[in-house]
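Please read the structure below before turning to the comments.
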Amino acid sequence: MSTTRHELLHAFDLLLAPSRFKDYGPNGLQVEGRTVVRKIVSGVTASRALIEAAIHAEADAIFVHHGLFWRGQDGCVTGWMKQRLGLLLGDDVNLFAYHLPLDAHPELGNNAQLGLQLGLLAHAGSTGRFGEQELGFLGARDNGEAFASAKELAAHAEKVLKRPVTLVDTAHRPIKNVAWCTGGAQGYFEAAIAAGADAFITGEISEPQAHYAREMGVAFLACGHHATERYGAQAVAGHVAAQLGLKHEFIDIDNPA
C-alpha cells in the first residue's frame with residue numbers, strides 16, 4: 001500500500017500538533033522528496049549514516065527527532081549539510097522531523113516511551129507534568145513500589161538502556177517521585193525539584209546540576225541524549241505507518257552521547 005507525501009504530513013501533524021509548541025527549528029516536512037510513499041524509516045537524528053541506511057532500505061520517507069535545520073544556523077549548504085541534503089535530494093527521499101512535539105506526546109512521545117521502558121508511570125493530569133511547555137513528566141514506578149535508593153534506580157536505567165549512567169547521588173532515601181525529560185533537558189532540573197521529585201532522569205548533565213543535586217538532596221541521572229530518545233520516533237512512525245498501511249523500519253545509528 002502507499003500514501004502521498006501530503007497525506008503522510010497531515011497524519012504526523014494531526015498526531016503531534018506542532019503548532020502548539022514554541023520550538024528551536026521547523027517541525028514537519030523539512031526536505032521534499034517523491035510524492036508517493038510506501039516505506040518509512042525512523043531514527044533519532046538525520047545523520048548521513050541514517051540517510052544512507054534509509055536509502056539502502058529503499059525508504060521513501062525518513063522520520064526523525066533531530067532534523068537538519070535549527071535556529072541560529074548560518075544557512076550555508078556546505079560540508080556535512082551539503083552531504084546530507086545531496087543524499088536526500090539525489091534519491092528523492094522525504095525528511096520529516098519533529099522535535100518538541102515528539103518529546104511531548106502523552107503516549108507515543110520520547111518521554112512517554114522512556115517511562116514505558118523504565119516502568120515509570122506519570123501522575124494523572126497536570127500533576128504529571130512540569131517545566132517549560134509542560135514537557136517534563138513526573139510520576140512513580142508502575143508497580144507502586146519505591147526504588148530503595150538512587151543507586152538502584154541508576155542500575156535499573158543502565159540495564160534497560162544498555163549504557164552507563166552518570167549519577168549524582170544525594171537523595172539518601174527511597175526514590176518514590178521520579179521526574180524525567182529526555183535528551184538535553186538538564187535545564188529542567190530546578191523545575192523537577194520544585195515539582196517534588198526525589199530523582200530526575202534526563203540525557204545530559206552540565207556543570208550546575210551537580211551542585212543543585214548536592215544542595216537540594218535530589219538525585220540526578222544523566223542517561224545519554226541518544227539513549228533516552230531512541231523510542232519516540234519509532235513509536236510515532238510505526239503508529240502512523242500502521243494507520244496508513246505503510247512499511248516501517250526503525251534504524252538505530254549508535255551514538256555514545
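Keep in mind that this is a model prediction, so the values were computed, not measured.
What you find for C223 and V165 is that their closest heavy atoms are SG-CG2, 3.8 Å. Shown here for V41 and A57, the closest heavy-atom pair between the two residues is CG2-CB, 4.2 Å. Summarising the geometry of L50 relative to G43, their closest heavy-atom pair is CD2-CA, 3.9 Å, with the distance given to 0.1 Å. Considering all non-hydrogen atoms of both residues, Y98 and P18 come closest at CE2-CG, 4.0 Å. The shortest non-hydrogen separation linking I40 to A241 is CD1-CB, 4.2 Å. Minimum heavy-atom separation, D198 to K176: OD2-N, 3.0 Å.
Residues passing the salt bridge (Lys or Arg N to Asp or Glu O under 4.0 Å) test with E7: none are found, sequence neighbours excluded. Taking the side-chain hydrogen bond (donor to acceptor under 3.5 Å, both in side chains) definition, one finds that T35 meets it with nothing, sequence neighbours left out. Taking E207 as the reference, H211 meet the side-chain hydrogen bond (donor to acceptor under 3.5 Å, both in side chains) condition, with sequence neighbours excluded. Residues passing the side chain to side chain contact (heavy atoms under 4.5 Å, CB included) test with A195, sequence neighbours excluded: F130, L138. For H239, there are no side-chain hydrogen bond (donor to acceptor under 3.5 Å, both in side chains) partners at least two apart in sequence or on another chain. A122 is linked by a side chain to side chain contact (heavy atoms under 4.5 Å, CB included) to R129, F137, W180, counting only residues two or more places apart in sequence or in another chain. Scanning for side-chain hydrogen bond (donor to acceptor under 3.5 Å, both in side chains) contacts around D23 gives N27, H99, with sequence neighbours left out. Annotation: side chain to side chain contact (heavy atoms under 4.5 Å, CB included) contacts of A150 (sequence neighbours excluded): L167, D169, I175, A219. The side chain to side chain contact (heavy atoms under 4.5 Å, CB included) test applied to A194 returns no partner, not counting sequence neighbours.
The aromatic rings of W70 and H66 are tilted relative to each other, their planes meeting at an angle between 30° and 60°.
Pairs engaging residues 57-73 under the salt bridge (Lys or Arg N to Asp or Glu O under 4.0 Å) rule: R34-D60 [sequence neighbours left out]. Residue pairs meeting the ring pair (Phe, Tyr, Trp, His ring centres under 6.0 Å) criterion with at least one member in residues 105-124: none, sequence neighbours excluded.
For the residue pair H248 / S42, a side-chain donor-acceptor distance below 3.5 Å is found, with atom types taken as modelled.
Of the possible donor and acceptor atoms, none in the side chain of K39 sits under 3.5 Å from a partner among the backbone N and O of A54. Looking only at distances, no side-chain donor or acceptor of D91 sits under 3.5 Å from a matching main-chain atom of V93. Under the 3.5 Å distance criterion, the side-chain polar atoms of T202 are matched with a main-chain donor or acceptor of G183. A donor-acceptor distance shorter than 3.5 angstrom exists from the side chain of R230 to the backbone of L161, with no hydrogens or angles considered.
For R163 and E158, the salt-bridge test fails: no basic side-chain N is under 4.0 Å from an acidic carboxylate O.
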| Is there a side chain to side chain contact (heavy atoms under 4.5 Å, CB included) between L120 and D142 once you walk through the steps? | CA-CA 5 Å; L120 300 173; D142 57 10; over 6 Å; no
| said: Could you walk me through whether R5 and N94 satisfy the side chain to side chain contact (heavy atoms under 4.5 Å, CB included) test, starting with their C-alpha distance in whole Å, then the side-chain angles of each, then the deciding distance to 0.1 Å, before giving a yes or no? | reply: CA-CA 8 Å; R5 177 182 62 244; N94 297 283; 2.8 Å; yes
| message | I'd like to know whether S206 forms a side chain to side chain donor-acceptor pair (under 3.5 Å) with Q186, so could you lay out the CA-CA distance, the side-chain angles of the two residues, the decisive distance to 0.1 Å, and finally the verdict. | response | CA-CA 7 Å; S206 298; Q186 59 268 47; 2.8 Å; yes
| task | Show your reasoning for whether side chain to side chain contact (heavy atoms under 4.5 Å, CB included) applies to L16 and V236. | result | CA-CA 9 Å; L16 297 174; V236 167; 4.1 Å; yes
| request: Could you walk me through whether E32 and D92 pass the side chain to side chain contact (heavy atoms under 4.5 Å, CB included) test, one step at a time? | output: CA-CA 8 Å; E32 183 179 298; D92 208 19; over 6 Å; no
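Between F63 and F96, the ring center distance fails the sub-6.0 Å criterion. Aromatic pair F220/Y212: centroids not less than 6.0 angstrom apart.
L68 is listed as a side-chain neighbour of L85, based on a closest heavy-atom distance under 4.5 Å. Put simply, the side chain of T45 does not reach to within 4.5 Å of the side chain of H65, judged on heavy atoms. In this structure the side chain of T3 reaches within 4.5 angstrom of the side chain of L246, judged on heavy atoms. The shortest side-chain heavy-atom distance between Q30 and L95 falls under the 4.5 Å cut-off. L88 is listed as a side-chain neighbour of I51, based on a closest heavy-atom distance under 4.5 Å. A heavy-atom distance below 4.5 Å is found between the side chains of E229 and H225. A 4.5 Å side-chain heavy-atom check between M81 and F69 finds at least one atom pair inside the cut-off. Considering only heavy atoms from C-beta on, I201 comes within 4.5 Å of L153 through its side chain.
Side-chain heavy atoms closer than 4.5 Å link hydrophobic residues (I, L, V, M, F, W, Y) into clusters, and following such links, possibly through other members, connects I253 to W80. Put simply, L87 and V77 are part of the same group of oily side chains (I, L, V, M, F, W, Y) that touch within less than 4.5 Å, one to the next. V64 is connected to I251 through a chain of hydrophobic side-chain contacts under 4.5 Å among Ile, Leu, Val, Met, Phe, Trp and Tyr, so both are in one cluster. Connection of Y188 to L102 is not established within any shared hydrophobic cluster, with ILVMFWY side chains joined at heavy-atom distances below 4.5 Å, either directly or through further cluster members. Tracing side-chain contacts under 4.5 Å through hydrophobic residues (I, L, V, M, F, W, Y), one reaches V31 starting from I62; they form part of the same cluster.
A 6.0 Å sphere centred on CZ of R173 holds more than 12 heavy atoms belonging to other residues, nucleotides or ligands. Residue-environment remark: CZ (R38) stays at or below the threshold of 12 foreign heavy atoms within 6.0 Å. Atom NZ of K247 is surrounded by 12 or fewer heavy atoms from other residues, nucleotides or ligands within 6.0 Å.
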Result block: side-chain N/O donor-acceptor pairs under 3.5 angstrom for residues 111-118, not counting sequence neighbours:
{"residue": "N111", "atom": "OD1", "partner": "T182", "partner atom": "N", "Å": "2.8"}
{"residue": "N111", "atom": "ND2", "partner": "D103", "partner atom": "O", "Å": "3.4"}
{"residue": "N111", "atom": "ND2", "partner": "L135", "partner atom": "O", "Å": "2.8"}
{"residue": "Q113", "atom": "NE2", "partner": "E107", "partner atom": "O", "Å": "2.8"}

